[in-house]
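Notes follow the structure.
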Amino acid sequence: MPVQLLKIVKGKPETPLPSHLQKEDFKHLQEGFDHTNKYFEGIVVVSYPLTKLGDGTDFFKVVLQDMDDFYSRINSINILIYGKMAEDCAKVTRSGDTFVVAGFKLEKSPTAREDGRHDCHLKLSEEAGSTIFVYKILGECLNNFFLFHDFIISFQSVAPKYLYTPLNDLKDGTVVNLYGIVKFFKPPYVSKGTDYCSVVTLVDPSNVKLTCTLFNGNLDALPKIYKVGDIVRFHRIKIREYNGQMQGITSGGFSSLTFDGTVGAPVVPRTSSKVYTFMDEEQKVIEELRAWAASNLSIPGPAAKLSGVQPMLFFDLTCQLVGKAKVDGSSFLLKVWDGTKCPYPTWKVPVEARDMEGDKVHLYQLRKLTVDILVYDNHVQLAKSFQIGSFLRIYSIHAKQVSAHQDVSHLEFHLHGGTCYGRGIGVLPESNPDVKELKAFLESVDLADTQNNESMSSLELDSTFNNLTDHELDLERCQQLSVTVLTDHQDLSNTDLKTILNSTAPQQYRIRAKLRTYKPQKLYQSVKLHCSKCNSLSEVPDGDNFDLILQGSAITAPNLELHNTSWYDSVMWTTQDQKQRKIAIHFVKHDEMLQQPEDTLLMIEGGTLKEIWKLTKRFKCVIPVRSTDNNLELLDLSVPFLVQGGTKYYGCKQCSSPKPMKSLSSIAAKQEPSWEPTEIAQVLGIEPLQYVFIMKFTLVDGTGALNAYLFDYEKFFQIPASEILTNSFLQEKMQMTMNMLCPPGRKLDDLPWLECFIRSYNVRNEMKHQVCYQIFDTTIAEDVV
DNA sequence: TTAGGGTTCG
């Protein structure tokens, strides 16, 4: 058994507690100390039966022993728990469990003299805002997605088991516990009664659906479902027959946990419950449901960005709230952004400046990127309550195309009244992976960029326009200044193209010319892979090929003898579909411990493209592998040897000599493995290919025309070629840049000037000799991109 | 009690 397991068994949970909580020493559990944001941790040495106090309140008492000072004369303290928290806690607590308690009230213990324990006791209840984390003795660990599978599978939990009913086995009039995958949901909305309501349709591997209607006066008590495909666990849901079908409805004591449904994502429950059980079975069930869903349900892909909005359709948007304003009695304005630019003109809802809530400077800075979403009727009350800066997911926004005066149409965003099709709004916590991604993206958005480029993509219906549009102003500017700048050789003077064409190669020139046309016009076709060793260029393989090779490699089952080595932990499961595909994931360890998901490199056998893609959202690096008799190995070099973030890294077939995966263990053993692609490539014997833009510019200056090649990793467009294929924002940025260099439909006179360095060189083969030109040491002017 | 899934008044 690996050594790190003992660390957990001996009562040292590795789980990250909420970061604001600080550990409190046993000896500091005294009156006069401030225990706000403090927690105490101890082992349950005695637990008394659950009882009722005179007023009917449930009461549960345990004794916690301080493990930091085990041999002190006084090292235990009474913990008194009241109400529902007592009931919940009593169900799961056993001697030997570790308790972490926070938000407690400290009082003098009247029984200290008799029981010889601490002279204070701690009182906890849900009403007082207390929190209890219960760690089971056998290595269960809240929040820890790794959960040391092989360890847990070999032990049975000591806690009482809940029974879960499959959805095809529900009976009218019963109260049951169940699991399900969210097939449809309405985010909580204000009902016409006194409560919030959320409607959730679940499905499970029995392929039976169940629609549940959930009510609660407390928004937080309803399941925290963020997207279709999430997995829920409901406890104590009442089953009734309605219109000939089974229906779920909240009953007293209803509680829920929600999990991300993505294969390989951390199994972290989302819940507002202060106490909940979370055992080895949960981990397994969630993983099984994820695997079943991945092969049997079609879970929608990533949601649209504003840059990808389709007119006349409905879409879900993950965004940040920048401003809000009342409009009238039945509608309310949310001003939001997601860092991308909507390619269509969008409306601005006229509101009085004094009614607009939000940071004025921020609203102004983001004015070109924010969109106005008007929400109606039942959504108004909820919308009013949102904090500026919070992250929202707005479900089923209507992108309505409206033709206004002079046939100029614009897009309006409405969240219509009602809850059809899950129409609604939810707040996402900052811990949500989509929010983390969005936040990082928003921070990377350079506002100066969009201010200049704004006019290229849309004519805002904005009263700030004067006689000249920004577009015209830009053109005027371009006619005088160059849209490119030189990064070196400033002393060189210009040479006209005719002189260059009449000269011998090789030479270098500074030129001033206009871009008459360029190839390829479809910019994504300009991205190639380059091997700096053999200087070969190749096309970027498409996903279909990747998928085919993955399917081929999935035919061979993972070799169990290669599982769980000193440097990685392995998990394996079988898909429930007809293919019965076996998937194995090997999580690489560092210093015998698993790292946080965002730092983790994993290897996957038998996964599909979709599964690999999902894993890359959560984990730092994913390497598709296959097993042979003795080793884990890379697949064919037609597929990436590494997927990191959104980028697929390929190796040169000609120059690489792939080594078995165990070569990676040398990086894993390093002080702080950074998992740099170049380093990974090196130990795996891979000569990495670099993404590069290859374009042909036809340049003219009135004296002649020549074709010059652009060979650019990043410098010219200031966009990494490696990211362009997966980042729609960068694609849009590049398209805008090209539109600026070579505005479509313009006469030659109206084109902007480009200052460039070009070098001439000879290309000779048996048949002919040719002089070619390449652009170098040139970049797009800062105020253009 | 409320809602009981299946796009819109604006």
Side-chain angles (χ1 to χ4, degrees), chain A residues 167 170 172-173 180-203 208-219 221-223 225 227-230 232 234 237-252 254 297-298 300 303-304 309-317 325-334 346-351 371-383 393-404 409-426:
Chain A
L167 299 186
L170 298 171
D172 184 21
I181 300 149
V182 175
K183 193 178 153 44
F184 167 83
F185 72 105
K186 293 184 174 183
Y189 59 94
V190 182
S191 77
K192 290 183 182 134
T194 57
D195 289 333
Y196 288 97
C197 175
S198 182
V199 174
V200 183
T201 301
L202 305 177
V203 64
V208 167
K209 284 197 299 180
L210 177 75
T211 297
C212 303
T213 312
L214 312 173
F215 296 104
N216 203 299
N218 174 9
L219 184 65
L222 290 169
I225 297 167
K227 54 180 159 198
V228 166
D230 279 350
V232 294
F234 288 167
I237 183 147
K238 192 189 223 169
I239 303 301
R240 290 196 315 210
E241 197 177 314
Y242 177 76
N243 279 347
Q245 281 195 313
M246 289 305 165
Q247 173 199 59
I249 188 154
T250 34
S251 71
F254 170 82
L297 301 178
S298 67
V309 161
Q310 301 284 314
M312 311 303 287
L313 294 180
F314 293 82
F315 66 103
D316 297 347
L317 182 69
K326 67 167 182 161
V327 177
D328 58 40
S330 68
S331 65
F332 192 80
L333 170 63
L334 296 178
T346 60
W347 73 331
K348 294 280 179 262
V349 178
V351 292
V371 296
D372 284 5
I373 296 174
L374 204 51
V375 312
Y376 294 94
D377 304 338
N378 55 318
H379 309 299
V380 170
Q381 190 184 333
L382 201 59
R393 185 164 283 157
I394 311 181
Y395 301 91
S396 206
I397 300 173
H398 183 194
K400 185 177 176 185
Q401 194 162 30
V402 175
S403 280
S409 69
H410 65 267
L411 280 189
E412 298 183 355
F413 298 112
H414 298 266
L415 188 72
H416 295 293
T419 61
C420 286
Y421 272 86
R423 212 184 284 140
I425 321 175

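In the text below, chain A, chain B and the rest are named by the order of the sequence lines, each starting its count at 1. All values below come from the heavy atoms of this structure, side chains included, with hydrogens, waters and symmetry mates left out.
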### Task
Output the single nucleotide from dG10(B), dT2(B), dT8(B) whose closest atom is nearest the side chain of H414(A).
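In terms of side-chain proximity for H414(A), the closest of dG10(B), dT2(B), dT8(B) is dG10(B).
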### Task
Indicate whether Y376(A) forms a stack on dG10(B); treat it as stacked only if centroid distance is below 5.5 angstrom and interplanar angle below 30 degrees.
yes
### Query
By centroid distance (under 5.5 Å) and plane angle (under 30°), are Y421(A) and dG5(B) in a stacked arrangement?
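Not stacked by the 5.5 Å and 30° rule.
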### Task
Can you label the angle between the H414(A) ring and the H398(A) ring as parallel, tilted or perpendicular, going by 30° and 60°?
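Because their plane-to-plane angle lies in the 30° to 60° range, the rings of H414(A) and H398(A) count as tilted.
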### Task
Report the relative orientation of the aromatic rings in Y376(A) and H416(A); use parallel for angles under 30°, tilted for 30 to 60°, perpendicular for over 60°.
parallel
Measure from [atom1] on [X] to [atom2] on [N] and round the result to the nearest Å.
X	N	atom1	atom2	answer
F184(A)	dG4(B)	CZ	C1'	12 Å
L382(A)	dT2(B)	CG	C1'	16 Å
E412(A)	dG10(B)	CD	P	9 Å
K192(A)	dG4(B)	NZ	C1'	12 Å
N378(A)	dT8(B)	CG	C1'	13 Å
I249(A)	dA3(B)	CD1	C1'	7 Å
F314(A)	dT8(B)	CZ	P	7 Å
F413(A)	dT7(B)	CZ	C1'	16 Å

### Query
Taking atom CD of E241(A) as the centre, does the number of heavy atoms from other residues, nucleotides or ligands within less than 6.0 Å exceed 12?
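More than 12 heavy atoms, drawn from other residues, nucleotides or ligands, come within 6.0 Å of this atom.
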### Query
Hey, does the side chain of K209(A) come within less than 4.0 Å of dG5(B)'s phosphate (OP1/OP2), counting only N and O?
no
### Task
May I ask you to evaluate whether K400(A) reaches the phosphate of dG10(B), defined as a side-chain N or O under 4.0 Å from OP1 or OP2?
yes
Quick one: does [X] reach the base of [N] with a side-chain donor-acceptor pair under 3.5 Å?
X	N	answer
S330(A)	dG10(B)	yes
T211(A)	dG4(B)	no
D328(A)	dG10(B)	no

Does [X] reach a base, just sugar-phosphate, or nothing at all? Heavy atoms under 4.0 Å.
X	result
F315(A)	nothing
L374(A)	nothing
S331(A)	nothing
G422(A)	nothing
D377(A)	base

### Query
Is the backbone N or O of A221(A) less than 3.5 Å from a side-chain atom of N216(A), with the two atoms forming a donor-acceptor pair by type?
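No: the side chain of N216(A) does not pair with the backbone of A221(A).
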### Task
Could you check if the base of dG6(B) is syn or anti? Syn means the glycosidic torsion is within 90 degrees of 0.
syn
### Task
Considering only atom C1', compute the distance from dT8(B) to dG4(B) and round it to an integer number of Å.
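To the nearest whole Å, 22 Å.
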#### Entry: Aromatic centroids of F315(A) and F413(A) separated by under 6.0 Å
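Yes, close enough.
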### Task
Decide yes or no on side chain to side chain contact (heavy atoms under 4.5 Å, CB included) for R240(A) and D172(A), but give the supporting numbers first.
CA-CA 5 Å; R240(A) 290 196 315 210; D172(A) 184 21; 4.1 Å; yes
#### Entry: First encountered from the 5' end of DNA chain B, between R423(A) and G417(A)
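Counting from the 5' end, the first nearest nucleotide belongs to R423(A).
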### Task
For K183(A) and for G193(A), find the nucleotide of DNA chain B with the closest heavy atom, then tell me which residue's nucleotide is more 5'.
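Nearest nucleotide further toward 5': that of G193(A).
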